[in-house]
Amino acid sequence: MKAVILAAGEGTRMRPLTASRPKVMLPIANKPMMEHTIDAAVKAGIMEFVIISGYCEDSIKDYFGDGSRKGIRIEYVHQDAQLGTANAIGYAKGHVNGKFLVLNGDMLISSEHIRHLISIDKDAVITVKEVDDPSHFGVIETEGDRVVRIIEKPQHPPSNLANAGIYLFTDAIFEFIARTQLSSRKELEITDSMQMMIDSGCNVGYEILYTDWIDIGRPWDLLDANKVLLGNITGLCEGTVEPYATLHGEVVIGKGTLIRNGSYIIGPVVIGDDCDIGPNCFIRPSTSIGNNVHIGNAVEVKNSIIMDDTKIGHLTYLGDSVIGFKCNFGAGTKIANLRHDGKSIKCSVKGTVVDTGRRKLGVIMGDDVHTGINTSINVGMMMEAGSYSRPGEIMTPGRKTN
């Protein structure tokens with residue numbers, strides 16, 4: 001059986017992190033999020049993949065290649081324009097035979113669920129998740145073990161079973177995709193294709209998801225996913241730890257990395273290859289640090305994602321933040337991560353201010369951002385790729401970055 005992975009979109013709600021790479025290639029626990037999805041499928045016994053790619057697809061192809069590095073086979077299909085889930089899945093026609101699995105490259109799913117899902121014998125199966133407020137999701141109505149109706153964001157949901165965006169199909173689905181019309185959102189929805197299957201008498205089932213599932217829709221969701229994945233790591237040191245550095249808990253240290261004297265690291269933490277950490281810095285739990293990162297003297301980092309080739313200058317504080325590739329922090333940069341009034345933090349997503357629901361959130365920083373010395377960055381700040389701050393500047397949300 002093959003798995004079709006949908007990975008063509010940019011992920012505009014993830015800006016500024018997706019300015020030069022697709023959402024599925026953003027790292028969580030030091031691996032692109034789509035790699036975690038592929039690894040789960042491989043563990044469930046799937047060895048052949050069809051990746052539907054589009055935006056910045058070269059970054060996907062350069063990283064995964066033909067899959068031989070992982071002992072799997074990967075085929076790529078280019079999607080010209082993103083016109084909805086049915087349109088994306090339709091590109092797999094001719095590349096799959098019989099039953100096939102459909103996964104989104106931007107969500108984390110367990111191998112246990114995949115293994116169980118692919119064992120079901122029906123014309124199609126939709127994975128659903130029990131949620132407290134199903135009115136914000138596509139919801140299924142059921143009779144026994146069959147789906148009889150799929151409703152998008154109903155005012156009066158017939159159940160609390162929300163569509164989790166994971167499917168099992170046979171190649172019969174392509175006949176229904178070809179007949180699918182544009183929805184009110186001007187997209188070709190796979191749920192509309194499945195409703196046609198149901199109405200034609202096909203046996204469409206559902207499977208409730210009880211294991212870990214994280215849908216990564218906005219930048220701060222990366223922090224939640226990072227915390228979950230780091231909670232499963234086992235400590236490993238392939239670098240050098242100087243005598244007076246301290247490591248507590250599960251800490252992974254990559255090849256060529258140096259942890260200097262006086263550094264204090266509390267796991268779970270993962271640090272990539274060829275990093276220079278310390279001296280006298282404090283790395284707190286749920287932090288992932290990419291490759292070739294430098295963290296200087298008297299720096300404190302907690303619950304953050306720091307991507308490759310970033311330099312964090314001395315006397316800096318960084319908490320509850322996502323930092324892009326090739327950023328440079330001037331000495332003394334401070335990131336606030338808690339509102340004075342204790343209320344949840346708001347951020348701008350696609351020009352609209354939204355409530356993150358988080359008490360703590362620092363900065364979401366695109367690639368190649370530079371801060372001047374003694375920069376202060378307020379909570380919920382979005383810094384565009386390539387922007388900078390001046391020495392001593394105070395950065396607040398809503399302020400246009402340079």
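The shown structure was predicted, so the numbers you read here are calculated from the model rather than taken from an experiment. The chain is numbered in sequence order, starting from 1. These values consider heavy atoms only, across backbone and side chains, with no hydrogens, waters or symmetry-generated copies.
- Annotation: the span from I289 atom CD1 to S304 atom OG amounts to 9.0 Å, rounded to 0.5 Å.
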Item to check | Derivation and outcome, side chain to side chain contact (heavy atoms under 4.5 Å, CB included), residues E35 and D39 | outcome: CA-CA 6 Å; E35 187 170 7; D39 288 348; 3.8 Å; yes
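- Without hydrogens or angle criteria, E393 side chain to R390 main chain gives a donor-acceptor distance under 3.5 Å.
- Taking both residues in full, the closest heavy atoms of K326 and H370 are given as O-NE2, 4.4 Å, listed atom of the first, atom of the second, then distance.
- Between K302 and D320 there is a salt bridge, since at least one side-chain N of the basic residue sits less than 4.0 Å from a carboxylate O of the acidic one.
- Between the T257 side chain and the D274 main chain, a donor and an acceptor come within less than 3.5 Å of each other.
- At a threshold of 4.5 Å between non-hydrogen side-chain atoms, the residues T310 and N328 do not count as touching.
- Look at R358 and D224 and you find a salt bridge, because one of the NZ, NE, NH1 or NH2 atoms lies within 4.0 Å of a carboxylate O, short of that distance.
- A donor-acceptor contact shorter than 3.5 Å is absent between the side chain of D368 and the backbone of F325.
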Item to check | Intermediate values then yes/no, side chain to side chain donor-acceptor pair (under 3.5 Å), N203 and D123 | outcome: CA-CA 5 Å; N203 186 356; D123 296 319; 5.6 Å; no
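- Between I295 and D276 the shortest side-chain heavy-atom distance does not fall below 4.5 Å.
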Checklist entry - side chain to side chain contact (heavy atoms under 4.5 Å, CB included) between N87 and Q82: does it pass, once the steps are laid out? => result CA-CA 7 Å; N87 174 252; Q82 286 77 63; 6.0 Å; no
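- The main-chain N or O of F176 is found under 3.5 Å from a side-chain atom of T180 such that the two form a donor-acceptor pair.
- One finds the CE atom of M383 at 5.5 Å from the CE atom of M381 (value rounded to the nearest 0.5 Å).
- Within 6.0 Å of NZ on K346 lie no more than 12 heavy atoms contributed by other residues, nucleotides or ligands.
- Note: F100 and F174 meet the aromatic proximity criterion, with ring centroids under 6.0 Å apart.
- At distances below 3.5 Å, at least one donor-acceptor pair connects side-chain atoms of Y76 with backbone N or O atoms of G65.
- Not a single donor-acceptor pair under 3.5 Å links the side chain of T316 to the backbone N or O of K334.
- The existence of a salt bridge linking K122 and D145 is confirmed by a sub-4.0 Å separation between a basic side-chain nitrogen and an acidic carboxylate oxygen.
- With Y63 as the aromatic partner, R21 does not meet the cation-pi criteria of under 6.0 angstrom to the ring centre and within 45 degrees of the ring axis.
- Ring pair Y264/H248: centre-to-centre distance below 6.0 Å.
- Ion pairing of E384 with R15 is absent here, as no side-chain N (NZ or NE/NH1/NH2) approaches a carboxylate O to less than 4.0 Å.
- Both the sub-6.0 Å distance and the 45° axial angle are not jointly satisfied by K2 relative to the ring of F49.
- Side-chain contact between E187 and L83: absent, with no pair of heavy atoms (C-beta onward) separated by less than 4.5 Å.
- The two residues I109 and I114 have their closest heavy-atom pair at CG2-CD1, 3.9 Å.
- Contact between P158 and I140 at its shortest, heavy atoms only, is CG-O, 4.1 Å.
- In this structure, L161 and Y206 have side chains that are in contact, with non-hydrogen atoms separated by less than 4.5 Å.
- Across all their heavy atoms, C347 and M382 have their closest contact at CB-CE, 3.9 Å.
- One side chain, T371 or T333, offers a donor N or O that lies under 3.5 Å from an acceptor on the other.
- The main-chain N or O of H113 is found under 3.5 Å from a side-chain atom of S110 such that the two form a donor-acceptor pair.
- Heavy-atom contacts from other residues, nucleotides or ligands closer than 6.0 Å to CZ of R73 number 12 or fewer.
- Just one residue in the list I28, V228, D106, L222 forms a side-chain contact (heavy atoms from CB on, under 4.5 Å) with I214, and that residue is V228.
- By the 6.0 Å contact criterion, NZ on K227 is open, its count of non-hydrogen atoms from other residues, nucleotides or ligands being 12 or less.
- Closest approach of L117 and V125 over heavy atoms only: CD1-CG1, 3.5 Å.
- D121 has no carboxylate O lying under 4.0 Å from a charged side-chain N of K99, or vice versa, which leaves the two without a salt bridge.
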Checklist entry - Could you go step by step and tell me if V322 and L17 meet the side chain to side chain contact (heavy atoms under 4.5 Å, CB included) rule? => result CA-CA 9 Å; V322 181; L17 302 173; 3.8 Å; yes
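- Contact of the N291 side chain with the C275 side chain is not registered, since no non-hydrogen atoms from C-beta on lie closer than 4.5 Å.
- The structure places SG of C327 at 8.5 Å from CE of M307, a figure rounded to the nearest 0.5 Å.
- Residues F169 and I190 meet the side-chain proximity criterion, which asks for heavy atoms closer than 4.5 Å.
- Looking only at distances, no side-chain donor or acceptor of T170 sits under 3.5 Å from a matching main-chain atom of G98.
- Looking at V4 and I52, their side chains come closer than 4.5 Å, going by heavy atoms from C-beta outward.
- S321 places no side-chain N or O within 3.5 Å of a backbone atom of L318 that could act as its donor or acceptor partner.
- For E10 and K23, the salt-bridge test fails: no basic side-chain N is under 4.0 Å from an acidic carboxylate O.
- Side-chain atoms of E242 and I259, non-hydrogen and from C-beta on, never get closer than 4.5 Å to each other.
- Considering all non-hydrogen atoms of both residues, I216 and A225 come closest at CD1-CB, 4.1 Å.
- Side chain of T191 to backbone of I150: no donor-acceptor contact under 3.5 angstrom is found.
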